[in-house]
Amino acid sequence: MEIDKKTFLDSLGGPEAANRMDSEARADALESHMMAQLNRAKTGDPAWDQIKPEKYPTVAEVEAQIETRKYREGVGFMYVPRTGENVRKLPPMPANPTLFDFFKLRFMDTSNHVLQSANLAMKNGMKEEIILACLLHDVVQEIIRTDHGWWGAQLFEPYVPENVSFAIRYHQALRYYPDPSVGYEYPDLYRQLFGADYVPPPYIEATYQIVRKHPWYMDARLVTVNDLYAFDPNAVVSIEPFIDIIGRHFKQPKEGLGNDGSPVAHMWRTIARPDQPL
Ligand SMILES: [Fe+2]
Ligand SMILES: [Fe+2]
């Protein structure tokens, strides 16, 4: 996917403002920018990135923008559409919803990206747990984006093998660190967009130092390998190729996700019923 540097930096409030952001926030902004482009390609909406401001705002203006925004950036895509449009009424969920139902009826803003990622993992001959981790790695961004690796792992923990939730949790931190053994380099895209002096915050660095020595390190690493290059706005993707893998590794509760009394059932209900006020 082509990313126009100026357009992206403009969206952050200009290069100075981008320099002031911490690295995690900038990477999240980039991922969100790419997802927005993908969704636009899917819906045929006008290209948001073609709208260019006449001049860069100052840092103070950017800081002031926080209080002019109707939402905080960490809030999930399904709760606050970034298009500025009104939300739409969602189709009802079946009584005992499965993972497929969530893909079909609720993961509207993230499914294209994760399906592409899982597709790439499959093409690259990854083992099934890695393909599953790729398929699930970003969908929690429907409800929350801040620290989405940790939230995402929690959402899936009761239903997937332990190494799959491990991979989902730590893909977020590993994307900043090269690993030549699998051909993963710190992406030029990040260097180009964020500058060479890009330093992740201390909790990400500390997490990386722990995870790189873990026996399952490579499981998390391979999610980042199949994640970064997975953005193609023209790709037509479907969940069909992954049905058997889900069947073998995802423990679908018979009562339905959200109804099974698991420690994370409320998270599934939150995705299923986002218009519920309390
Ligand atoms: Fe991610
Ligand atoms: Fe991703």
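Ligands are counted one by one from 1 in listed order, and the atoms in each one are counted from 1 as well.
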With respect to the Fe ion (ligand 2), what is the nearest N, O or S atom of D227?
OD1
Do D219 and K127 meet the salt-bridge criterion of a basic N to acidic O distance under 4.0 Å?
yes
Taking R82 first and then E73, would you say they form a salt bridge - that is, a charged N and a carboxylate O separated by under 4.0 Å?
yes
Testing V225, N163, D179 one by one against M218 for a side chain to side chain contact (heavy atoms under 4.5 Å, CB included), which residue passes?
D179
The Fe ion (ligand 2) to H171: any N/O/S contact under 2.8 Å?
no
Relative to the Fe ion (ligand 1), which of the N, O or S atoms in D138 is the closest?
OD1
Ring center gap for W216 and Y170 short of 6.0 angstrom:
no
